[in-house]
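Read through the structure below, which is laid out as structure tokens, and then see the notes.
Nothing fancy with the numbering, it's 1 onward along the sequence.
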Amino acid sequence: MKKELIDQAYAVARERYAEIGVDTEAVLKQLQDFHLSLHCWQADDVHGFEVQAGAMSGGIQSTGDFPGAARNIDELRQDILKAKSLIPGNHRLNLHEIYGDFKGKVVDRDEVTVEYFQSWIEWAKEHNTLLDFNSSSFSHPKSGSLSLANPDESIRKFWVEHTKRCRDIANAMGEAQGDPCIMNLWVHDGCKDVSVNHALYRHLLKKSLDEIFEKEEPMMKDCIEGKVFGIGLESFTVGAHDFYTAYAAQNNKIVTIDTGHYHPTESPADKVSALLPFIKELMLHVSRPVRWDSDHVTIMDDPTQELFFEIVRAGALDRVHYGLDFFDGSINRIGAYVIGSRSAQKCMLRALLEPSAAISKLELAGEGYKVLALIEEQKAMPWQAVYDEFCVRNNVPVGQDFIAEIDKYVAEVTSKR
């Protein structure tokens with residue numbers, strides 16, 4: 001796209017927004033400080049690098065077999081760097097434990113240490129990337145239907161030890177990068193059919209969490225993530241939203257809002273203002289749940305846009321962490337990274353460009369029709385010209401120009417795998 005056209009469009013947009021009291025230069029500075037946590041598992045469909053890895057299980061499923069998936073740690077890193085080069089701004093990287101640098105060694109999950117992530121720490125430092133982390137309770141011979149809530153004490157203790165070690169690794173990452181590593185804890189635990197031991201399973205999950213969080217880890221932050229139900233575990237979920245919300249409020253933990261983990265009629269956006277009076281911070285896992293938790297690539301759909309509007313309107317920019325969590329193996333995986341990340345950025349940009357203070361005053365004054373009118377008018381404002389300017393300033397392709405870059409990468413790299 002021609003630079004002069006971008007400049008002209010941005011000049012007009014800047015003037016249009018100034019007329020309604022919005023400084024686009026100030027907004028661009030805010031957007032520059034908006035850091036997504038890119039999820040490593042998009043590049044290889046959640047397989048990871050364990051030598052003893054088996055089939056995916058425990059509520060994890062990726063569909064599609066598009067050519068060119070990363071097959072090893074070097075290819076994964078190469079793909080992530082390519083995606084980052086096409087996304088404006090600087091972004092974090094979110095690792096699952098199964099993505100350790102195991103170097104051909106069999107390492108069970110209750111044996112993992114920071115040694116197997118040292119090369120990630122060094123790689124991240126070299127590429128000016130901050131790391132986040134996740135424990136991995138799925139796709140393992142001992143995962144079954146219950147992990148941290150398992151009444152078999154040996155299995156429960158196995159997963160407690162795994163998660164404790166993951167917190168140690170996350171803390172070491174935080175110390176190395178001088179910024180707290182955010183670690184998410186999600187377990188699939190539940191029952192496929194009718195069960196009578198709900199109270200027992202939840203008692204065991206609470207007991208496991210209490211044991212896991214006994215040790216203070218100053219350079220990491222704990223997130224806990226609930227769900228309505230899991231694949232193959234449809235009748236009962238131990239770690240339901242009510243359970244984790246109560247636990248987080250009582251134990252000063254971060255709640256993870258995964259946009260695919262709610263009933264289709266629920267609004268994840270509405271959870272923001274409901275949780276923030278009681279929870280210190282929130283973590284987002286943003287995807288697109290077609291029907292339910294299908295983890296399609298994030299787009300600028302209404303639920304995602306409303307989520308970011310709610311964060312800005314609540315004045316919660318500094319209390320929310322922004323992770324992505326889609327894994328689509330049916331399309332080009334680099335393209336999925338870029339589309340999803342840029343869509344999330346665009347949603348945040350539109351939220352930052354809203355004259356929310358002025359609209360709020362009108363609502364409090366009882367001017368309902370004016371509120372609706374101004375919100376509707378914002379949809380037609382030239383926000384895209386502001387995003388194009390953001391891309392130019394970050395030296396990344398503008399508009400659809402990234403498609404040619406990805407096609408070139410396919411021809412030169414992924415088609416040869």
Do Val228 and Thr237 touch side chain to side chain, with heavy atoms closer than 4.5 Å? no
Donor-acceptor pair, Arg319 side chain versus Leu282 backbone, under 3.5 Å? no
Name the orientation class of the two ring planes belonging to Trp159 and His162 (parallel below 30°, tilted from 30 to 60°, perpendicular beyond 60°). perpendicular
I want to check a possible cation-pi pair here: Arg16 against Trp383, using under 6.0 Å from ring centre and within 45° of the ring axis as the test. no
Do Asp388 and Gln384 touch side chain to side chain, with heavy atoms closer than 4.5 Å? yes
Inter-residue atom distance His285.NE2 - Ile257.CD1, 0.5 Å rounding: 11.5 Å
Walk me through it: do Gln78 and Asp74 pass the test side-chain hydrogen bond (donor to acceptor under 3.5 Å, both in side chains)? CA-CA 6 Å; Gln78 184 181 22; Asp74 292 328; over 6 Å; no
Side chains of Ser287 and Asp325: donor-acceptor distance under 3.5 Å anywhere? no
Going from CG on Asp101 to CH2 on Trp123, what distance comes out if it is rounded to the nearest 0.5 angstrom? 12.5 Å
Minimal non-hydrogen separation, Val396 against Arg342, with atom names: CG2-NH1, 4.3 Å
All heavy atoms of Glu389 vs all of Ile6, minimum pair found to be OE1-CG2, 4.0 Å
Between Phe117 and Phe102, how do the two ring planes meet: parallel, tilted or perpendicular, split at 30° and 60°? perpendicular
So CD1 of Ile87 and OH of Tyr337: to nearest 0.5 Å the spacing works out to 8.5 Å
Under 3.5 Å: donor-acceptor pair, side chain of His321, backbone of His35: no
For Phe402, run the side-chain contact (heavy atoms from CB on, under 4.5 Å) check against Ile339, Ile334, Asp407 and tell me which one passes. Ile339
Between the CD atom in Gln30 and the CD atom in Glu25, the distance rounded to the nearest 0.5 Å is 12.0 Å
Determine, stepwise, if the pair Val12 / Gln8 fulfils side-chain contact (heavy atoms from CB on, under 4.5 Å). CA-CA 6 Å; Val12 172; Gln8 291 170 12; 5.8 Å; no
Could you tell me whether a side-chain N or O of Arg167 sits under 3.5 Å from a main-chain N or O of Lys215, the two making a donor and an acceptor? yes
May I ask you to decide if His241's main-chain N or O and Thr245's side chain share a donor-acceptor pair within less than 3.5 Å? yes
Measuring only between side-chain heavy atoms, which start at C-beta, is Leu284 closer than 4.5 Å to Ile311? yes
Ignoring hydrogens and geometry, is there a side-chain-to-backbone donor-acceptor pair from Asp132 to Ile182 under 3.5 Å? yes
Working for side-chain contact (heavy atoms from CB on, under 4.5 Å), residues Val312 and Met348: CA-CA 8 Å; Val312 174; Met348 177 55 79; 3.8 Å; yes
Distance-only side-chain donor-acceptor flag, Trp41 / Asn94, under 3.5 Å: no
Is any side-chain heavy atom of Cys40 less than 4.5 Å from a side-chain heavy atom of Leu93? yes
Please work out which of the three classes, parallel, tilted or perpendicular, describes the rings of His261 and Trp292, given edges at 30° and 60°. parallel
Looking only at heavy atoms, which two atoms of Leu317 and Tyr322 are closest? And how far apart? O-OH, 3.5 Å
For Glu15, does the CD atom sit with more than 12 other heavy atoms under 6.0 Å from it, leaving out its own atoms? no
Check for a donor-acceptor pair, side chain of Gln177 on one end and backbone N or O of Leu131 on the other, with a separation under 3.5 Å. yes
Is the shortest side-chain heavy-atom distance between Tyr17 and Val386 below 4.5 Å? yes
Parallel, tilted or perpendicular, as decided by the 30° and 60° cut-offs, for the rings of Phe138 and Trp186: tilted
Under a 3.5 Å distance rule, please check whether Gln42 uses its side chain to pair with a backbone N or O of His39 as donor and acceptor. no
Can Ser136 and His96 be counted as having a side-chain donor-acceptor contact under 3.5 angstrom? yes
Minimum-distance pair of heavy atoms, taken over all atoms of Asp189 and Asn150: OD2-N, 4.5 Å
Heavy-atom side-chain contact between Phe243 and Val238 under 4.5 Å: no
What closest approach, in Å, do Gly178 and Met219 show between heavy atoms, and which atom pair accounts for it? C-CE, 3.9 Å
Output for pair (Leu185 CG, Leu209 CG), nearest 0.5 Å, gives 6.5 Å
Backbone of Ala43 reached by a side-chain donor or acceptor of Asp79 within 3.5 Å: no
Apply salt bridge (Lys or Arg N to Asp or Glu O under 4.0 Å) to residues Glu161 and Arg165 and explain how you reach the verdict. CA-CA 6 Å; Glu161 181 64 22; Arg165 287 172 176 257; 2.8 Å; yes
Test Arg109 against Glu50 for side-chain contact (heavy atoms from CB on, under 4.5 Å), laying out the working first. CA-CA 9 Å; Arg109 296 192 196 171; Glu50 290 180 320; 2.8 Å; yes
Would you please test Arg77 and Glu122 for salt bridge (Lys or Arg N to Asp or Glu O under 4.0 Å) and show each step? CA-CA 12 Å; Arg77 289 170 177 170; Glu122 294 166 2; over 6 Å; no
Please table the atom pairs, donor to acceptor, closer than 3.5 Å between any side-chain atom in residues 374-382 and protein atoms at least two apart or in another chain.
residue: Glu376; atom: OE2; partner: Lys379; partner atom: NZ; Å: 2.7
residue: Gln378; atom: NE2; partner: Leu374; partner atom: O; Å: 3.2

Are any of the side-chain heavy atoms of Gln345 and Phe390 separated by less than 4.5 Å? yes
Give a yes or no on whether a salt bridge exists between Lys164 and Asp168, defined as a side-chain N under 4.0 angstrom from a carboxylate O. no
Could you go step by step and tell me if Lys142 and Asp110 meet the salt bridge (Lys or Arg N to Asp or Glu O under 4.0 Å) rule? CA-CA 11 Å; Lys142 292 184 178 179; Asp110 65 341; 5.7 Å; no
Donor-acceptor pair, Lys346 side chain versus Tyr387 backbone, under 3.5 Å? no
What verdict does the salt bridge (Lys or Arg N to Asp or Glu O under 4.0 Å) test give for Arg156 and Glu211, after you've listed the backbone C-alpha separation in whole Å, the side-chain angles of each residue and the deciding distance to 0.1 Å? CA-CA 11 Å; Arg156 189 187 72 82; Glu211 293 172 8; 3.2 Å; yes
Parallel, tilted or perpendicular: rings of His140 and Phe158 (30°, 60°): tilted
Shortest non-hydrogen contact between Asp65 and Arg333, atoms and distance: C-NH2, 4.2 Å
With a sphere of 6.0 Å drawn around NZ of Lys361, does it hold more than 12 non-hydrogen atoms of other residues, nucleotides or ligands? no
Basic-acidic side-chain contact under 4.0 Å: Asp258, Lys227: no
Show your reasoning for whether side-chain contact (heavy atoms from CB on, under 4.5 Å) applies to Tyr10 and Thr24. CA-CA 9 Å; Tyr10 176 65; Thr24 58; 2.8 Å; yes
Treating Glu234 as the side-chain partner and Gly232 as the backbone partner, does any N or O pair qualify as donor plus acceptor under 3.5 Å? yes
Pairwise distance CG(Leu86) to SG(Cys391) - rounded to 0.5 angstrom: 10.0 Å
